[in-house]
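We name chains A, B, ... by the order of the sequence lines, and we start the count at 1 in each one. Being a predicted model, the structure only gives us computed values, none of them experimental. Computation of the quantities below employed the complete heavy-atom set of this structure, encompassing side-chain atoms and omitting hydrogens, waters and symmetry-equivalent molecules.
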There are 2 protein chains.
Amino acid sequence: MQDLFTSFSLQVNNRVYIKNPESSALGRKIVESSINLIDEVGFEAFTFRKLGLEIHSNEASIYRYFESKYKLLLYLTSWYWSWMEYRIAFGLANIPAPEERLEKAIKLLTENIELDGSFEHINEYKLNKIVIAESSKSYMTKEVDQNNKEGFFAGYKQLVGRVSDIILEINPTYKYPHMLISTLIEGAHHQRFFAQHLPRLTDAVNGEDAIIEFSKEVTFKAIGAKWPIK
Amino acid sequence: MQDLFTSFSLQVNNRVYIKNPESSALGRKIVESSINLIDEVGFEAFTFRKLGLEIHSNEASIYRYFESKYKLLLYLTSWYWSWMEYRIAFGLANIPAPEERLEKAIKLLTENIELDGSFEHINEYKLNKIVIAESSKSYMTKEVDQNNKEGFFAGYKQLVGRVSDIILEINPTYKYPHMLISTLIEGAHHQRFFAQHLPRLTDAVNGEDAIIEFSKEVTFKAIGAKWPIK
DNA sequence: TCATTTATGATAGTATTACTATTATATTTG
DNA sequence: CAAATATAATAGTAATACTATCATAAATGA
């Protein structure tokens, strides 16, 4: 993948940043180190001052890229959903059966993410941990309607829409495709967090990824499709 | 209910507060007004200073009840889950069939909450809105393991455990009862938030509460039970 | 009932946060 | 090489998240 798409870069709504961080070395460094730092200290304790110290740059310089740490978080989550859509687009290419496409999409959406190295300055493994633990803080705010109007959640909504469409291909009468998919995406994230920190809220099963299995099974049974597929 | 249980009060882990807010008029005022204020301005903008102004009391006095606004949020969410367990205990009493008990439990867990007035100083309607929008901020933190050790999430875990037990009564071989219930509780909350703010992530259906219907249907189909019940 | 404990109020103070403004110095570009 | 642009350094502000101190009010109990 690296070799084929070295210059590939993902689109993020340009209103979440003041200056595109992809456009300069400092910008990329800000993104790269913000992922490390948020992963390390958590979003609450993360500040632009600390980030500036970490990258031997200046707080004021960071503010020229992002209006606030919330906008930076929105940037990271938007990037993540855009990346996820690209993963799914490639992962589902040339699979004709909608059942198989749905199964694959759910796997891609709910699996544990590993470092994949396609993007120099983005650690997908840590970004996934941030999305799991912090992304709800990017929309569970009083500014959600304003942010939504500006299109900050477009990537996420589009992704949910695409997967819902596969469900409707399989069962055109299913009434709750968006609910099902958004519930399972958020649910899988919560389950990964719980598995680490509040295991009594989950059910670990040896030798399989219970979260993926659970998600697939729930989906296919909910929409009344055959499970397992074959 | 008011008449029968006027003096009934719910248990909250005594380590989330410094001084029990139930023990004084000021304490109850703090809880009552914090619900109004968090609902109004959101948890980020909520401060003890503003709360002090609102209740014509002193910031320092509030700190004598709660160590921080995070602990106050933990108090509110713990109270909520304790209340929810009490609602479920009463709501399920004398229903012998586990299928009916499960259906009722899911309804109680996922329905829209209205003001019920059983507790003088707690507005259940607003508290539900707070739990929906803010409760993940009480456990999605770097302190989660510490807080968990101190038992701050015991009420929630117990509730999930109880409903999971009903599932196991119906289908003792179902592998993911805790995942299913915790996913649906969180999921229903997310869906209520999305329905208000990000409707493209949900599926509104006229004339029914789609969130309750969706949750029940997913549950019964996932565990392989007959749906609808009769 | 009066002394003592306990709760609350008023005020002040500190370190940190989340910025903005200004000016100087690099770096890039035309 | 001049001009534009990006970054760095420094300083400053209002608000936050507390802590400390002391005065006063209310409750309690001997």
Side-chain angles (χ1 to χ4, degrees), chain A residues 14-34 37-38 40-76 121 134 137-138 140-143 146-147, chain B residues 14-34 37-38 40-76 121 134 137-138 140-143 146-147:
Chain A
N14 63 17
R15 286 150 122 171
V16 306
Y17 49 73
I18 295 168
K19 181 180 171 177
N20 190 343
E22 300 269 5
S23 71
S24 75
L26 179 62
R28 289 185 296 273
K29 190 92 194 127
I30 287 170
V31 170
E32 178 177 12
S33 294
S34 71
L37 194 51
I38 294 173
E40 195 184 317
V41 305
F43 188 67
E44 278 64 40
F46 168 79
T47 69
F48 281 2
R49 201 175 123 66
K50 289 176 191 163
L51 180 59
L53 288 171
E54 180 106 352
I55 63 180
H56 306 290
S57 175
N58 200 274
E59 198 184 355
S61 303
I62 300 167
Y63 276 103
R64 282 193 206 93
Y65 286 84
F66 295 101
E67 199 177 295
S68 68
K69 68 174 185 171
Y70 285 90
K71 288 284 167 71
L72 171 51
L73 182 60
L74 275 169
Y75 178 87
L76 295 177
H121 62 300
E134 320 288 2
K137 295 165 193 166
S138 76
M140 290 278 183
T141 66
K142 285 284 162 185
E143 295 77 37
Q146 173 65 23
N147 289 344
Chain B
N14 63 19
R15 286 149 121 172
V16 305
Y17 49 75
I18 297 169
K19 181 179 170 179
N20 191 342
E22 301 267 8
S23 71
S24 75
L26 179 63
R28 288 185 296 271
K29 191 91 193 123
I30 288 171
V31 169
E32 179 178 11
S33 294
S34 72
L37 194 52
I38 294 173
E40 194 183 319
V41 304
F43 187 66
E44 279 65 39
F46 167 79
T47 69
F48 281 1
R49 202 175 122 66
K50 288 177 192 163
L51 180 57
L53 288 171
E54 180 106 351
I55 62 179
H56 306 290
S57 174
N58 201 273
E59 198 182 352
S61 303
I62 300 168
Y63 277 102
R64 288 194 196 97
Y65 286 84
F66 295 103
E67 199 177 296
S68 68
K69 68 174 185 171
Y70 285 90
K71 288 283 166 72
L72 171 51
L73 182 60
L74 276 168
Y75 178 87
L76 295 178
H121 62 300
E134 318 290 1
K137 296 166 193 165
S138 76
M140 290 279 182
T141 67
K142 286 284 161 184
E143 294 77 38
Q146 173 65 24
N147 289 343

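- Pairs of residues two or more places apart, or lying in two chains, that qualify as salt bridge (Lys or Arg N to Asp or Glu O under 4.0 Å) and include a residue from residues 40-64 of chain A are A/E44-A/K137.
- Scored by the side chain to side chain contact (heavy atoms under 4.5 Å, CB included) test, B/S34 finds B/F46, B/L51, B/L72, B/L76 as partners (sequence neighbours excluded).
- Between B/E134 and A/M140, the shortest heavy-atom distance links the atoms OE1-O, 4.4 Å.
- A/F48 approaches A/I62 most closely through the heavy-atom pair O-CD1, 3.5 Å.
- Take B/K19 and apply the side chain to side chain contact (heavy atoms under 4.5 Å, CB included) test, not counting sequence neighbours, and it matches B/S23, B/Y65.
- Contacts between residues 14-25 of chain B and DNA chain D, counted as heavy-atom distances below 4.0 Å, involve no residue at all.
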field: Under 4.0 Å protein heavy-atom contact, by nucleotide of nucleotides 13-21 of chain C - B base, S sugar-phosphate only
entry: ----SSBBB
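- Contact record, B/G27 with B/S24: N-OG, 2.9 Å, taken as the closest heavy-atom pair.
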field: Heavy-atom protein contacts under 4.0 Å, nucleotides 24-30 of chain C, coded B base, S sugar-phosphate only, - none
entry: -------
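- Within the 4.5 Å cutoff, the side chain of B/P21 has heavy atoms near those of the B/V31 side chain.
- Between B/N147 and B/S138, the shortest heavy-atom contact is ND2-O, 4.4 Å.
- Remark: A/Y17 pairs with A/N20 by the side-chain hydrogen bond (donor to acceptor under 3.5 Å, both in side chains) rule, at least two apart or across chains.
- When the C1' atom of C/dA10 is taken as reference, atom CD1 of B/I55 falls 15 Å away, rounded to whole Å.
- Scanning for salt bridge (charged side-chain N to carboxylate O under 4.0 Å, His left out) contacts around A/E67 gives A/K71, with sequence neighbours left out.
- Residue B/Y65 contributes atom OH, which lies 8 Å from atom P of C/dA7 at whole-angstrom precision.
- As rounded to whole Å, 12 Å separates atom P of D/dC18 from atom CG of B/L72.
- Regarding A/K29, its NZ atom lies at a distance of 16 Å from the C1' atom of D/dT7, rounded to whole Å.
- For A/L53 and D/dA8, the CG to C1' distance is 13 Å, given to the nearest whole Å.
- Between A/I18 and A/F66, the closest heavy-atom pair is CD1-C, 3.9 Å.
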